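Worksheet: one structure, shown below.
Being a predicted model, the structure only gives us computed values, none of them experimental. Throughout, a chain's letter reflects where its sequence line sits, starting with A, and its residues are numbered from 1. The figures here come from the full heavy-atom set of this structure, side chains too, leaving out hydrogens, waters and symmetry mates.
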Amino acid sequence: MGEDSEVPAPDVTRTTRPRTDSRRPTATAGGPVTGALAAAQASALRSGVVDWFAEHARDLPWRAPDRTPWGVLVSEVMLQQTPVVRVLPAWTAWTARWPTPADLAAASPADVLRAWDRLGYPRRALRLQECARAITEHHGGVVPDDEARLRALPGIGAYTAAAVVAFAFGGRSVVLDTNVRRVLARTVDGAALPAPSQSVGETARAAALVPPGPADAARWAAASMELGALVCTARAPRCEACPVAELCAWRLAGRPPDEHAARRRTQAWAGTDRQVRGRVMALLRDAPLPVPGEVVDEAWPDRAQLRRCVAGLVADGLVEEVAAPADDALPAYRLPLAPVG
DNA sequence: AATTCGGGGGC
DNA sequence: GCCCCAGAATT
């Protein structure tokens with residue numbers, strides 16, 4: 001990111017901004033779509049964010065002109081709950097090694113899981129390979145460009161399908177990720193953070209904000225996400241650098257605290273099955289040969305929990321059991337060599 | 001609607 | 001230590 005933190009001051013000379021005295025009706029996220037946001041206000045929001053994006057967009061590799069739809073899809077799956085900075089090196093190595101869906105479809109799951117490394121949620125890696133196989137077998141090796149077919153692929157949910165449509169094909173879709181949710185919660189609803197769970201009304205409101213033209217819609221999607229990632233951040237929002245601070249309901253209300261704070265429970269980590277599973281996966285990733293059960297047992301003090309987790313990993317297709325070398329020995333474990341299906 | 005599922009970095 | 005991160009699938 002060569003861009004430094006100098007952000008041009010908001011263009012206060014532009015006087016076309018509509019008066020804001022018509023106080024925004026206290027619309028909840030699920031409130032009426034039309035009328036929740038004046039048309040002029042919506043227009044100012046979109047143009048402010050898109051113009052800002054034109055100057056401040058990061059040049060991420062999956063945005064490069066030579067990107068492929070498959071590369072975009074891979075990036076989106078990797079970015080599901082994993083920050084950009086950690087995805088960057090993994091994505092580069094991954095796309096160089098498996099440039100097409102057919103390449104990934106033919107790989108060994110063990111290699112796939114090792115390349116996934118510590119991006120987290122390794123089942124995403126397996127689903128991505130299943131996705132590659134489905135594209136290879138059912139779509140002639142070509143990434144579908146419509147939301148319905150994308151949505152039907154393994155590991156592709158509402159967000160990712162919409163994102164691929166917009167970022168790989170420049171199509172029109174409703175891209176509503178954690179960043180966009182937060183930007184709209186603040187600018188439109190005046191809330192510090194969006195509600196813990198995404199509502200139908202919230203989706204409809206986001207849909208109403210998407211520009212009619214495909215190119216504009218795709219640009220709005222990228223721009224609103226980028227604003228959330230770089231300026232309108234969850235922790236320490238940089239309102240002084242925000243292109244739409246002048247119309248942001250949250251800032252105008254004095255940045256009130258999060259109403260849902262009490263209901264947000266942070267995911268426990270220490271001692272959970274997720275930690276144990278992660279430890280086992282790390283052990284097997286680093287092992288060139290099957291690891292004897294006796295060795296796996298040492299990976300976690302609570303043996304019952306450990307064995308339960310290993311069984312879960314086997315059931316999930318993330319780990320393969322190898323027959324014990326002797327009758328009185330435990331089976332060994334390794335990353336799966338061949339796809340299950 | 002609520003749970004499960006990794007891992008790391010910023011604060 | 002707590003919180004969050006370009007979510008999806010399952011129950």
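- Residue-to-nucleotide proximity on DNA chain B shows that, of A:A236 and A:D316, the 5′-proximal contact is made by A:D316.
- Using a 4.0 Å heavy-atom cutoff across all strands shown, A:W116 reaches no nucleic acid atom at all.
- If you check every strand for non-hydrogen atoms under 4.0 Å, A:T160 touches sugar and phosphate atoms only.
- The residue A:R123 sits close only to the backbone: its heavy atoms come under 4.0 Å of sugar-phosphate atoms, none of a base.
- Of all heavy-atom pairs between A:G312 and A:R277, the closest is C-NH1, 3.9 Å.
- Using a 4.0 Å heavy-atom cutoff across all strands shown, A:Q267 reaches at least one base atom of the nucleic acid.
- Using a 4.0 Å heavy-atom cutoff across all strands shown, A:I156 reaches sugar-phosphate atoms only and no base atom.
- No side-chain donor-acceptor contact under 3.5 Å links A:Q80 and A:Y159.
- Base engagement by A:V84 is indicated by at least one non-hydrogen atom pair under 4.0 Å involving a base atom.
- Atom-to-atom, CE of A:M78 to P of B:dG7 comes out at 15 Å; the value is rounded to the nearest Å.
- Within the 4.0 angstrom heavy-atom criterion, no nucleotide atom of any strand lies near A:A229.
- Distance, A:W269 CH2 to B:dG7 C1': 6 Å, rounded to whole Å.
- When the C1' atom is used for both B:dC5 and C:dC4, the distance is 16 Å, rounded to whole Å.
- Among the heavy atoms of the strands lying under 4.0 Å from A:G120 is at least one base atom, whether or not backbone atoms are also near.
- A:R151 comes within 4.0 angstrom of sugar-phosphate atoms only, judged by non-hydrogen atoms across all strands, and of no base.
- Atom CG in A:L283 sits roughly 12 Å away from atom P in B:dG7 (whole-Å rounding).
- In this structure, A:T82 reaches the bases: a heavy-atom distance under 4.0 Å links it to at least one base atom across the strands shown.
- Atom CE of A:M281 and atom P of B:dG7 are 8 Å apart (whole Å).
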Could you go through residues 295-303 of chain A and list every donor-acceptor pair under 3.5 Å that involves a side-chain atom there, pairing it with any protein atom two or more places apart or in another chain?
{"from": "A:D297", "atom 1": "OD1", "to": "A:R307", "atom 2": "NE", "distance (Å)": "3.3"}
{"from": "A:D297", "atom 1": "OD2", "to": "A:R307", "atom 2": "NH2", "distance (Å)": "2.6"}
{"from": "A:W300", "atom 1": "NE1", "to": "A:Q305", "atom 2": "OE1", "distance (Å)": "2.8"}
{"from": "A:D302", "atom 1": "OD1", "to": "A:A304", "atom 2": "N", "distance (Å)": "3.2"}
{"from": "A:D302", "atom 1": "OD1", "to": "A:Q305", "atom 2": "N", "distance (Å)": "3.1"}

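- Interatomic distance, CZ of A:R124 versus CD of A:E130, reported as 14.0 Å (0.5 Å rounding).
- Residues A:W70 and A:W98 place their aromatic rings such that the two centres sit no closer than 6.0 Å.
- B:dG6 and C:dT10 are spaced 15 Å apart, taking the P atom of each and rounding to whole Å.
- A distance of 7.0 Å separates CZ of A:R149 from NE2 of A:H139, quoted to the nearest 0.5 Å.
- A salt bridge links A:D189 to A:R205: at least one charged side-chain nitrogen sits closer than 4.0 Å to a carboxylate oxygen.
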Checklist outcome for this item: Per-residue pairing states of DNA chain B in dot-bracket (Watson-Crick or G-U under 3.5 Å; . unpaired, | other strand) read |||||.|||||
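- Of the residues near DNA chain B, A:R274 and A:R263, the one whose nearest nucleotide (by heavy atom distance) lies more toward the 5' end is A:R263.
- A salt bridge does not link A:D216 with A:R172: every distance from a Lys NZ or Arg NE/NH1/NH2 to an Asp or Glu carboxylate oxygen is 4.0 Å or more.
- Smallest separation of non-hydrogen atoms from A:A223 and A:W52: O-CZ3, 4.1 Å.
- Nucleic acid contact class of A:A234 (heavy atoms, under 4.0 Å, all strands): sugar-phosphate only.
- Protein atom CD of A:Q275 is 16 Å distant from nucleotide atom P of B:dT4, rounded to whole Å.
- Between A:R285 atom CZ and B:dG6 atom P the separation is 11 Å, expressed in whole Å.
- Here the CH2-OG1 distance, from A:W62 to A:T95, works out to 10.0 Å after rounding to the nearest 0.5 Å.
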Next on the checklist: Please evaluate residues A:D103 and A:R97 with respect to the criterion salt bridge (Lys or Arg N to Asp or Glu O under 4.0 Å), reporting the C-alpha separation (whole Å), side-chain torsions for both, the decisive distance (0.1 Å), and the verdict.
Outcome noted: CA-CA 8 Å; A:D103 295 323; A:R97 186 171 183 181; over 6 Å; no
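- Where DNA chain C meets chain A (any atom under 4.0 Å from a heavy atom), the bounding nucleotides read 5' to 3' are C:dC3 to C:dA9.
- Contact annotation for A:R118: backbone-only contact, meaning every heavy-atom pair under 4.0 Å involves sugar-phosphate atoms and none involves a base.
- Among the protein residues, A:L60 comes within range of the nucleic acid bases, having at least one heavy atom under 4.0 Å from a base atom.
- Atom name P, nucleotides B:dC11 and C:dA6: the rounded distance is 14 Å, in whole Å.
- Whole-Å rounding puts the A:R264 CZ to B:dA2 C1' distance at 15 Å.
- Rounded to whole angstrom, the span from the CD atom of A:Q81 across to the C1' atom of B:dG6 amounts to 10 Å.
- Residue A:R235 is in base contact, counting any heavy-atom pair closer than 4.0 Å across all strands shown.
- Each of A:G157 and A:T266 lies near DNA chain C, and the nucleotide nearest A:T266 is the one positioned closer to the 5' end.
- If you take SG on A:C232 and CE on A:M225, they are separated by 13.5 Å, rounding to the nearest 0.5 Å.
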